[in-house]
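Order of the sequence lines sets the chain letters (A, B, ...), proteins ahead of strands, with each chain counted from 1. Predicted model, so just to flag it, every value in this text is computed and none were measured. All values below come from the heavy atoms of this structure, side chains included, with hydrogens, waters and symmetry mates left out.
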Number of protein chains: 2
Amino acid sequence: MARPIAFEFAMTPPTFDDVRRARERIATWTHHTPVLTSATFDAMSGARLFFKCENLQKAGAFKSRGAVNAVFGLSDAEAAHGVATHSSGNHGMALARAAACRGIEATVVMPDTAPRAKIEAVRGYGGHIVFCEPRNAARQDTLDAVVADSGANVVPPYDDARVIAGQGSCAAELLEDVADLDIVIAPIGGGGLISGTVLSCRALSPATRVIAAEPANADDARRSLDAGRRLIEDAPDTIADGLKASLGELTWQFVSREVDDILLAEEDEIVAAMRLIWQRMKLVVEPSCAVPLATILRHAEVFAGRRVGVILTGGNVDLDRLPW
Amino acid sequence: MARPIAFEFAMTPPTFDDVRRARERIATWTHHTPVLTSATFDAMSGARLFFKCENLQKAGAFKSRGAVNAVFGLSDAEAAHGVATHSSGNHGMALARAAACRGIEATVVMPDTAPRAKIEAVRGYGGHIVFCEPRNAARQDTLDAVVADSGANVVPPYDDARVIAGQGSCAAELLEDVADLDIVIAPIGGGGLISGTVLSCRALSPATRVIAAEPANADDARRSLDAGRRLIEDAPDTIADGLKASLGELTWQFVSREVDDILLAEEDEIVAAMRLIWQRMKLVVEPSCAVPLATILRHAEVFAGRRVGVILTGGNVDLDRLPW
């Protein structure tokens, strides 16, 4: 029977058993997303690419996996206090939706400068927003106050065992649906997705290499790996807004020990790859989501002749502000 | 064994056996496209909607089904002369690609005013373009000259048994993947898709109603049904550029006898539905493709409480010229 991963355990690194439990827990509330191929991108890269379409996931991003796993892993007593996080991105939306699925309250702390589209998206899923000044300290203080007041269970965006285990379900599905992948590549920001990806690949397909794709303009993970210690990046400037976060304590353990390589892509390459995905695959993807394809096209020698699983992470983008 | 449907038979109405043969013939060269759902659109419509994603089809539209069926149904002797058509849209691209798959030549007659993107797309698939003046007579004369010169096999965009049978494979897949559909809805232009849809629905799920969705600004099919005779529309003005064609002789037989209803959507509703599909489903779709959802939202009383299969027809759109 599924053991709920309670909050106090959330800083112990998850195992593949946690991923397995997460898959059962989230099945009702998330999509098993399709895997698509593209003859065009195969020809451009010289590789055989299998795109796992998490932009077609509930709430438009893989983040629903971790959020649903965390929310539905709470005991009824814990859940009664609701959940809370700070996020101005996909995690906030995903958590608001996951809470609505369970019928509990979600509070999302957001900077008062957050774009209207993000605010409306969280509210659209029934989330309660508490605004704060756009500084890290204010964000944490505001979240602390929410928790002190409500007893809400905090669900961090990536540095959390429940969240990592949930994200790991994505690569688990991919490896089940596509045999003999030589490489799985996913973007890296805070590291939740790549950590879960490592868990599933090591358990289900040990010969598969795991490569992280990172914007050159936000290359803290690459530099951390080179330095042998976790570096924190301060407000990197990249169009891939979902990848601005630095690694967490938990995710650093996976990245430093298990990720086979971190490859970089430049800003113009990211925009070009994003447009290519829209144009040729007919998929709406956000800039962060295009980083793996940009990386594959830039470092073609690493991927040529290989069977490569590519995680397309999300499609939440403002249609009135496209980068071309 | 599959019997090639030769050109001389192409004006005999196809049967569901032809659809079955088409499915076998095209399986290697087309995608079995996924079916996606959207909680948002279910809530908006009161129906349960199942979207068959032909925008994710090869060459970005369902047109690949009919084109591949026609090209691969040719005998080797016929195929040696290549294929030809006139089209400035998805059929031209699909035929160019299908011909390339078989390793034969495709000639596409296009008006010299065709958008550069369409010209490049046909050339990108290896198609040979012959330009003509942008008048119907010039188009037909030019095509006749191509055929007289090369002996190419003409593959019309919709009024052709091989093409209709190919398009029918789409609804056949949908009905296999989703049980108990009350309604299948697809756009209507020349009528090739809806005719194939009727064939599959009648054979596989006789209780399923087939509804055609048409732009109010190009409502020749609706008016033809009302008049009891096939009306030809001259250059209708609609953003749904894939649906400007009038019904053909063959497709009129299916539409007049078998389509359960034709419902209309206004231009602004089509644009709104297109944007909603991009925003909420993360799918790039062209205006014609959004007409069924626009129709469902406009005529909600017809669909509420029903299980509805919606064919999303294509995603070939100029990303630099979006209608919002």
CZ/B:Arg298: more than 12 non-hydrogen atoms of other groups inside 6.0 Å
yes
Turns out that what part of A:Ala39 lies under 4.5 Å from chain B's heavy atoms comes down to both
Pair count under 4.5 Å, heavy atoms only, with chain A: among B:Met281, B:His31, B:Arg275, highest is B:Arg275
For A:Val284 and B:Trp278, the nearest pair of non-hydrogen atoms, with its separation, is CG2-O, 3.8 Å
*asked:* Test your reading of the model: is there a side-chain donor-acceptor pair from B:Lys282 to the backbone of A:Gly315, 3.5 Å cut-off?
replied: yes
- Under 6.0 Å from the CZ atom of A:Arg306, do we count more than 12 heavy atoms belonging to anything else shown? no
Applying a strict 4.5 Å limit to non-hydrogen atoms, the region of B:Arg280 in contact with chain A is side chain
Of B:Leu322, B:Thr33, B:Asn316, the largest count of non-hydrogen pairs under 4.5 angstrom with chain A goes to B:Asn316
Applying a strict 4.5 Å limit to non-hydrogen atoms, the region of B:Leu36 in contact with chain A is side chain
dist B:Trp324:CH2 -> A:Leu319:CG (nearest 0.5 Å) comes out at 5.5 Å
